[in-house]
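What follows is a set of notes on a single structure, which appears directly below.
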Amino acid sequence: MRILYITTNLFQRSNSAAIRNTALIKGLLSNDTSITILTVDVRAEMKGNSIVTNFDKCKILSYDLGLERYQRLGNKSNTKSTLINNVIKKLKTIVKDYFFFPDNYKGFIKAVMNDDHSNYDLIISSSDLKSSHFAALEIVKKYGYQGKWIQIWGDPWHRDINLKKNMVGFVKKKEYKMLKEADHIVYVSEPTLRLCVADFPDLASKMSYIPRSFFKEVIVDRNLSKESVSILYTGILGDNRDIYTFLNSIDEKIFNLRMYGNYSNEELKKLCKYKNVKTFESVDYECVLEEISKSDVLLYLGNKGEGSQIPGKLFDYLGSNLPIVCLVYDKEDEVSVFLKSLKNVFLVSYEEIERNEGISENMIKFIKSSFQIDETYSPKNIANKILKLL
């Protein structure tokens with residue numbers, strides 16, 4: 001099968017969508033397919049997804065959109081009065097919403113049309129960013145495809161929390177028109193699927209939920225009898241993501257925590273008070289996999305008011321045979337319901353930890369158990385589900 005895979009996110013460093021796309025392409029290749037990838041050539045300092053270099057069987061066409069020019073223009077400061085600066089800033093924002101529609105990579109839509117894309121059995125377009133779908137639409141219109149077109153979506157576009165109110169109605173109409181053109185629409189989160197079925201009921205018959213996969217298996221030979229426990233956390237902190245309740249509840253003589261992320265000076269000052277915590281800057285995905293192999297337990301912190309999207313980090317974690325301790329605010333929200341379905345997850349609320357005044361015996365017993373990797377989320381199995389839609 002000849003597949004044309006279109007995405008703006010493939011090379012970006014530490015980018016969840018880039019990792020998701022890379023994992024799916026890996027799975028598709030294991031199903032005897034021939035793949036051409038259309039993507040954006042990002043600035044050298046943004047490139048970090050070195051796992052893409054393993055795709056020797058793929059033809060990769062990356063398009064330079066001159067994004068540095070737009071970045072410089074956006075960063076120019078005006079030395080005039082604060083009032084003038086604010087007016088200019090407001091005008092830039094309004095112009096940007098429409099001039100750069102659907103996103104900053106709109107040049108990708110025109111760039112891909114400079115090459116011949118007429119000979120494929122299947123087109124897969126994957127967001128973010130939405131320019132991926134718009135580029136696919138132009139190709140479909142130009143060549144009058146007899147094959148199939150699968151669109152893969154993360155969050156529903158018109159429900160994006162970063163979308164300005166004046167754009168919601170406009171975006172929803174564009175989203176609907178785009179979805180109508182697809183043969184199949186895949187959402188990587190089941191709660192997101194339910195939202196979109198409710199928002200676009202006449203398109204429900206071609207909508208499906210297929211989760212993302214992990215990229216690589218990491219099998220850790222754990223010493224379950226040792227007293228010390230090494231915990232790994234990769235991610236940010238903030239008002240809605242509390243790690244201190246957890247730190248205050250564990251025995252620092254037993255539990256050691258390594259944290260990888262871009263933390264503020266204020267957060268670093270708080271964390272340095274804990275003798276059993278070491279912090280590091282954010283690292284590339286391959287480095288994260290290496291750190292997982294050195295760990296006994298993986299830690300996930302839920303957000304207060306969790307949305308419908310299942311965080312990509314969880315799927316990265318599922319590629320290992322390690323237990324995952326998941327701290328959440330609400331054990332009945334959409335993400336928690338998903339977490340309950342996973343065998344290697346210990347789900348606990350912040351309220352429960354505070355009430356128990358420490359890690360419970362059940363949690364310690366769970367951490368000391370052995371687990372197998374859930375092949376349900378392997379690249380090949382997820383790719384199989386995609387191909388079965390045809």
Discussion item. Under the criterion salt bridge (Lys or Arg N to Asp or Glu O under 4.0 Å), I'd like the reasoning laid out for Glu138 against Lys141: C-alpha separation, chi angles, the key distance, then a yes or no.
Written reply: CA-CA 5 Å; Glu138 291 303 309; Lys141 286 175 9 183; 3.3 Å; yes
Worksheet item: Backbone N or O of Leu179 within a donor-acceptor pair of the Lys206 side chain at under 3.5 Å?
Response: yes
Worksheet entry | Spacing of Phe215 atom CZ and Leu289 atom CG [to the nearest 0.5 Å] | 8.0 Å
Item to complete: Please report the C-alpha distance between Val325 and Tyr233 in whole Å, then the side-chain angles of each, then the deciding distance to 0.1 Å, and finally whether the side chain to side chain contact (heavy atoms under 4.5 Å, CB included) criterion is met.
Response: CA-CA 10 Å; Val325 173; Tyr233 175 72; over 6 Å; no
Discussion item. Heavy-atom count check: over 12 atoms from other residues, nucleotides or ligands less than 6.0 Å from Lys148 NZ?
Written reply: no
Practice prompt. Treat each ILVMFWY residue as a node, draw an edge where side-chain heavy atoms are under 4.5 Å apart, and state whether Ile236 and Tyr285 are in one component.
Written response: no
Discussion item. Regarding Tyr317 and Asn344, do their side chains bring together a donor and an acceptor under 3.5 Å, going by distance alone?
Written reply: no
Worksheet item: Is the shortest heavy-atom distance from the side chain of Tyr300 to the side chain of Val335 under 4.5 Å?
Response: yes
Worksheet item: For Gly302 and Tyr329, which heavy atoms make the closest approach, and how far apart are they?
Response: O-CE1, 3.5 Å
Worksheet item: Do any N or O atoms from the side chain of Asp121 and from the backbone of Arg2 form a donor-acceptor pair under 3.5 angstrom?
Response: yes
Worksheet item: When rounded to the nearest 0.5 angstrom, what is the spacing between CH2 in Trp149 and CD1 in Ile139?
Response: 9.5 Å
Worksheet item: Is the shortest distance from a Lys or Arg side-chain nitrogen in Lys172 or Glu175 to a carboxylate oxygen in the other one below 4.0 Å?
Response: no
Worksheet item: Would you say Val186 and Ile386 make side-chain contact, with heavy atoms under 4.5 Å?
Response: yes
Fill in: Near-ring test Phe280/Tyr260, centroid separation under 6.0 angstrom
yes
Worksheet item: Does some side-chain heavy atom of Ile231 sit less than 4.5 Å from a side-chain heavy atom of Val297?
Response: yes
Worksheet, complete the sentence: What one should report as the nearest heavy-atom pair of Ile382 and Thr376 is CD1-O, 3.6 Å
Discussion item. Could you report the tightest heavy-atom contact between Leu322 and Arg222, atom names first, then the distance?
Written reply: CD2-CD, 3.3 Å
Discussion item. I'd like to check Tyr209 versus Tyr187 (side-chain heavy atoms, cut-off strictly below 4.5 Å). Are they in contact?
Written reply: no
Item to complete: Would you kindly say whether Asp202 and Tyr176 are connected by a side-chain donor-acceptor distance under 3.5 Å?
Response: yes
Practice prompt. Determine whether the side chains of Ser225 and Asn223 contain a donor N or O and an acceptor N or O closer than 3.5 Å.
Written response: yes
Item to complete: Evaluate the side chain to side chain contact (heavy atoms under 4.5 Å, CB included) criterion for residues Leu247 and Leu271: first the C-alpha distance (whole Å), next the side-chain angles of each, then the deciding distance (0.1 Å), finally the verdict.
Response: CA-CA 9 Å; Leu247 290 176; Leu271 292 168; 4.0 Å; yes
Worksheet, complete the sentence: Rounded to the nearest 0.5 Å, the OH atom of Tyr120 sits from the CD1 atom of Ile35 at a distance of 11.0 Å
Practice prompt. Go through Lys130 and Lys174 one step at a time and tell me if the side chain to side chain contact (heavy atoms under 4.5 Å, CB included) criterion holds.
Written response: CA-CA 11 Å; Lys130 309 304 184 292; Lys174 291 289 186 179; over 6 Å; no
Discussion item. For a 4.5 angstrom cut-off between non-hydrogen side-chain atoms, does Ser370 reach Leu224?
Written reply: yes
Worksheet item: Within the side chain of Glu252, is there an N or O that forms a donor-acceptor pair under 3.5 Å with the backbone of Ile250?
Response: no
Discussion item. Is the shortest side-chain heavy-atom distance between Trp157 and Pro102 below 4.5 Å?
Written reply: yes
Fill in: Spacing of Ser293 atom OG and Ile219 atom CD1 [to the nearest 0.5 Å]
12.0 Å
Discussion item. Could you check whether any side-chain heavy atom of Pro156 comes within less than 4.5 Å of a side-chain heavy atom of Thr192, counting everything from C-beta outward?
Written reply: yes
Worksheet item: Would you find a donor on one side and an acceptor on the other, under 3.5 Å apart, between the side chain of Lys313 and the backbone of Ser16?
Response: no
Worksheet item: Between Tyr63 and Phe108, what is the ring plane arrangement, given parallel below 30°, perpendicular above 60°, and tilted in between?
Response: perpendicular
Worksheet item: So, do Asn104 and Leu129 sit near enough that their side-chain heavy atoms are less than 4.5 Å apart?
Response: no
Response to the item:
Nearest heavy-atom contact between Tyr377 and Pro211 is CE2-CG, 3.8 Å
Worksheet item: Counting heavy atoms not belonging to Glu217, are there more than 12 under 6.0 Å from its CD?
Response: yes
Discussion item. Which heavy atom of Leu347 sits nearest to which heavy atom of Lys331, and what is that distance?
Written reply: O-NZ, 3.7 Å
Worksheet item: For the atom pair CG (Leu203) and SG (Cys196), what is the distance rounded to the nearest 0.5 Å?
Response: 10.0 Å
Item to complete: Tell me, yes or no, whether the heavy-atom count around Asn114 atom CG, taken from other residues, nucleotides or ligands under 6.0 Å, exceeds 12.
Response: yes
Practice prompt. Among Asn21, Thr33, Thr36, Thr39, find the residue that satisfies the side-chain hydrogen bond (donor to acceptor under 3.5 Å, both in side chains) test when tested with Tyr5.
Written response: Asn21
Discussion item. Hydrophobic clustering (ILVMFWY, side-chain heavy atoms < 4.5 Å, transitive) - are Leu318 and Val337 grouped together?
Written reply: no
Can you list, pair by pair, the side-chain donor-acceptor contacts under 3.5 Å of residues 272-279, counting residues two or more places apart and other chains?
unit_1	atom_1	unit_2	atom_2	d
Tyr274	OH	Asn248	OD1	2.8
Asn276	ND2	Phe255	O	2.9

Discussion item. Would you say the ring centers of Phe371 and Phe346 fall short of 6.0 Å from each other?
Written reply: no
Fill in: Ile152 CD1 to Ser125 OG distance, which is reported to the nearest 0.5 Å
7.5 Å
Worksheet item: Phe134 ring centre to Lys106 NZ or CZ under 6.0 Å, with the angle to the axis within 45°?
Response: no
Worksheet item: Are more than 12 heavy atoms from other residues, nucleotides or ligands located less than 6.0 Å from atom NZ of Lys340?
Response: yes
Practice prompt. Determine, using ring centers only, whether Phe101 and Phe170 are less than 6.0 Å apart.
Written response: yes
Item to complete: Give the intermediate values and the outcome of salt bridge (Lys or Arg N to Asp or Glu O under 4.0 Å) for residues Lys294 and Glu291.
Response: CA-CA 5 Å; Lys294 302 174 184 177; Glu291 291 306 314; 3.4 Å; yes
Practice prompt. Examine distances only and state if a side-chain atom of Asp284 and a backbone atom of Cys287 form a donor-acceptor pair shorter than 3.5 Å.
Written response: no
Worksheet item: Are Lys142 and Asp116 ion-paired here, with the side-chain N under 4.0 Å from a carboxylate O?
Response: no
Worksheet entry | Under 3.5 Å donor-acceptor, Thr22 side chain and Ala18 backbone | yes
Fill in: Minimum-distance pair of heavy atoms, taken over all atoms of Ser132 and Ser126
OG-O, 3.1 Å
Worksheet item: Please walk me through it: do His117 and Ile6 pass side chain to side chain contact (heavy atoms under 4.5 Å, CB included)?
Response: CA-CA 11 Å; His117 308 300; Ile6 307 173; over 6 Å; no
Worksheet entry | Flag if over 12 foreign heavy atoms under 6.0 Å of NZ, Lys226 | yes
Discussion item. Can you confirm whether Lys216 is buried at NZ, in the sense that more than 12 heavy atoms of other residues, nucleotides or ligands lie under 6.0 Å from that atom?
Written reply: no
Item to complete: Would you confirm whether Asn321, through its side chain, and Val220, through its main-chain N or O, come within 3.5 Å as a donor-acceptor pair?
Response: yes
Worksheet entry | Test item: side-chain donor near acceptor, Ser295 and Arg258, under 3.5 Å | yes
